There are 2 protein chains.
Amino acid sequence: MNKEEQVIMGFRDLFNKMTSLNKIKMEDSLQGYKPSEVHCIEYIGRNVDSNVTKLAESFYMTSGAISKLTKKLIKKGFIESYQKPDNKKEIYFRLTEQGKVIDKVHEELHKEFQERDKAVFEQVTEQQFDSMLSFVEKYSSHLDAEIKKLGINIKAE
Amino acid sequence: MNKEEQVIMGFRDLFNKMTSLNKIKMEDSLQGYKPSEVHCIEYIGRNVDSNVTKLAESFYMTSGAISKLTKKLIKKGFIESYQKPDNKKEIYFRLTEQGKVIDKVHEELHKEFQERDKAVFEQVTEQQFDSMLSFVEKYSSHLDAEIKKLGINIKAE
DNA sequence: GCAATTTTGTTTCCTTGTCAACAAAATAAT
DNA sequence: ATTATTTTGTTGACAAGGAAACAAAATTGC
């Protein structure tokens with residue numbers, strides 16, 4: 001296995017591991033709240049005028065899935081929808097007071113995770129951070145270009 | 001947002017992006033074969049004596065899910081199960097000839113992805129590779145330790 | 001201004017995965 | 001040896017997400 005593969009598979013495995021561990025911790029602290037729900041609440045809390053489309057793009061999920069998820073969150077009273085006077089199509093979301101509480105708890109948990117992993121990051125130098133970040137950025141924009149190409153390809157076929 | 005978060009979220013977004021792009025390409029080349037199926041075939045092709053338990057651990061999935069997945073792959077004729085003379089409980093999997101074909105096509109596709117992303121990796125120095133790999137390794141074993149702790153915690157409660 | 005196209009969101013059907021209960025074999029404890 | 005525990009795998013009920021068909025509003029093109 002070459003280094004390219006090692007890096008990719010290494011990070012993939014790392015994230016799978018982290019996700020499954022954090023999920024357990026999360027379900028412990030935020031009992032009854034699913035990771036996807038909390039993730040959605042977090043996004044809406046941080047981005048004004050969130051809507052189904054933006055959430056779907058950000059989460060790499062279909063709008064159908066987000067539509068159902070937000071509907072459930074409204075029913076549970078964590079978010080509420082609103083519209084703008086000049087647009088009768090787009091539907092935006094904001095957190096309710098109850099939603100803000102969840103967001104707060106989640107934020108605390110997030111800090112706890114950072115604290116837990118602090119030791120690992122302390123060993124990383126400034127240069128290493130910057131080189132990883134530049135790698136991610138380059139790779140990400142490379143993929144963006146590929147996705148764009150594909151979009152054109154699809155239409156061409 | 002601090003650098004820790006930037007790295008984590010950057011990589012997470014990168015992988016989501018890569019996964020969704022590769023999924024589209026994969027469904028194009030390996031029409032009718034789902035990523036999870038191909039992933040499973042790949043693992044069985046690379047690991048002798050694969051069984052439900054090992055697959056579940058490697059994929060961070062439940063054994064129930066793997067049990068159903070492998071059952072489906074057997075039905076489709078891509079893998080077959082076998083047992084060892086001295087153990088009537090464990091069930092192992094190997095690829096059928098048809099499965100090996102899929103594995104081959106997948107491997108080609110994998111190379112195509114590597115070719116596609118070569119430009120990004122060419123800009124990465126040997127030192128950067130090593131520092132990323134050592135980061136992954138440290139983080140991963142740190143999480144392993146945390147998971148182990150949790151196992152003890154669960155039993156203690 | 002009006003028809004055609006695009007955007008935005010919802011709903012239905014289907015697949016995939018989790019959870020929990022279970023069975024059977026292997027291993028450990030006594 | 002035989003009983004208890006653990007390991008391994010399966011199944012059924014259920015929940016989450018994707019795909020496609022759809023509706024309604026917004027935008028574009030003429």
Side-chain angles (χ1 to χ4, degrees), chain A residues 16 19-24 26-28 31-41 43-44 47 49-76 79-93 151 154-155, chain B residues 16 19-24 26-28 31-41 43-44 47 49-76 79-93 151 154-155:
Chain A
N16 283 338
T19 304
S20 69
L21 174 58
N22 291 357
K23 193 180 158 207
I24 294 168
M26 197 122 103
E27 279 166 353
D28 210 42
Q31 288 193 342
Y33 307 116
K34 312 282 167 56
S36 64
E37 295 177 4
V38 178
H39 191 197
C40 193
I41 289 169
Y43 184 92
I44 292 168
N47 300 84
D49 294 346
S50 299
N51 61 3
V52 167
T53 303
K54 285 182 208 158
L55 280 162
E57 281 171 3
S58 165
F59 292 180
Y60 295 94
M61 280 168 61
T62 61
S63 51
I66 301 293
S67 180
K68 289 175 217 161
L69 183 52
T70 50
K71 201 176 171 186
K72 200 170 61 180
L73 289 174
I74 289 171
K75 204 172 167 190
K76 290 191 176 184
I79 64 173
E80 57 192 11
S81 63
Y82 63 95
Q83 290 192 290
K84 294 189 177 183
D86 57 332
N87 192 314
K88 288 167 203 159
K89 190 174 60 162
E90 294 178 6
I91 298 162
Y92 303 98
F93 305 110
I154 285 169
K155 279 181 187 167
Chain B
N16 283 338
T19 305
S20 68
L21 175 58
N22 291 356
K23 194 181 156 203
I24 293 168
M26 198 122 104
E27 279 166 354
D28 210 41
Q31 289 195 342
Y33 307 117
K34 311 282 167 57
S36 64
E37 294 176 7
V38 178
H39 192 197
C40 193
I41 288 170
Y43 185 92
I44 292 169
N47 300 85
D49 294 346
S50 298
N51 61 2
V52 167
T53 303
K54 286 182 209 158
L55 280 161
E57 282 172 1
S58 165
F59 293 0
Y60 295 96
M61 280 168 61
T62 60
S63 52
I66 301 292
S67 180
K68 288 174 205 165
L69 183 53
T70 51
K71 201 176 171 184
K72 200 170 62 182
L73 289 174
I74 289 171
K75 205 174 166 187
K76 290 191 176 183
I79 65 172
E80 57 192 11
S81 63
Y82 63 95
Q83 291 192 289
K84 295 191 177 181
D86 57 331
N87 192 315
K88 288 167 203 158
K89 189 174 61 163
E90 294 177 7
I91 299 162
Y92 302 98
F93 304 110
I154 286 168
K155 279 181 185 167

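Not measured: the values here are computed from a predicted model. The sequence lines fix the lettering, A, B, ..., with proteins before strands; numbering per chain opens at 1.
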Once base and sugar-phosphate atoms are separated, protein heavy atoms under 4.0 Å mark nucleotides 11-21 of chain D, 5' to 3', with B, S and - as BBB-SSBBS--
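What separates NZ of B:K84 from P of D:dT8 is a distance of 13 Å, to the nearest Å. A:K88 has its NZ atom 18 Å from the P atom of C:dT10, to the nearest Å. Rounding to whole angstrom units, NZ of residue B:K89 and C1' of D:dT8 are separated by 5 Å. Per the geometry, CG belonging to B:N51 stands 14 Å off C1' belonging to C:dA25, to the nearest Å. Rounding to whole angstrom units, CD of residue A:Q83 and C1' of D:dA24 are separated by 12 Å. If you take CG of B:N87 and P of D:dT6, they are 19 Å apart, rounded to a whole angstrom. The nearest whole Å value for the distance from the CD1 atom in A:I74 to the P atom in C:dG9 is 12 Å. The nearest whole Å value for the distance from the CD1 atom in A:I91 to the P atom in C:dT7 is 18 Å.
By the side chain to side chain donor-acceptor pair (under 3.5 Å) test, A:K71 is found to be paired with no residue, residues two or more places apart in sequence or in another chain being considered. For A:Y92, the side chain to side chain donor-acceptor pair (under 3.5 Å) partners two or more places apart in sequence, or in a different chain, are A:E90. Partners of B:Q83 by side chain to side chain donor-acceptor pair (under 3.5 Å), not counting sequence neighbours: none found.
By the 6.0 Å contact criterion, OH on A:Y33 is open, its count of non-hydrogen atoms from other residues, nucleotides or ligands being 12 or less.
Within the 4.5 Å cutoff, side-chain heavy atoms of B:E37 are placed close to those of B:K76.
Relative to the side chain of B:E90, the nucleotides D:dT8, D:dA25, C:dT10 differ in distance, and D:dT8 lies closest.
With values rounded to the nearest 0.5 angstrom, B:I91 atom CD1 is found 8.5 Å from B:T70 atom OG1.
A:F93 pairs in a side-chain contact (heavy atoms from CB on, under 4.5 Å) with only one of the listed residues (A:I74, A:I66, A:L73), which is A:I74.
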Show the atom names and distances, to 0.1 Å, of all donor-acceptor pairs under 3.5 Å that link a side chain in residues 50-62 of chain A to residues at least two apart or in another chain.
| unit_1 | atom_1 | unit_2 | atom_2 | d |
| --- | --- | --- | --- | --- |
| A:S50 | OG | A:N47 | O | 2.7 |
| A:N51 | OD1 | A:K54 | N | 2.9 |
| A:K54 | NZ | A:D49 | O | 2.7 |
| A:T62 | OG1 | A:A65 | N | 3.3 |

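Closest approach of A:P35 and A:M26 over heavy atoms only: CA-CE, 3.9 Å.
Paired runs in DNA chain D that reach 3 or more consecutive Watson-Crick or G-U pairs, where each pair keeps both distances under 3.5 Å, cover C:1-30 with D:1-30.
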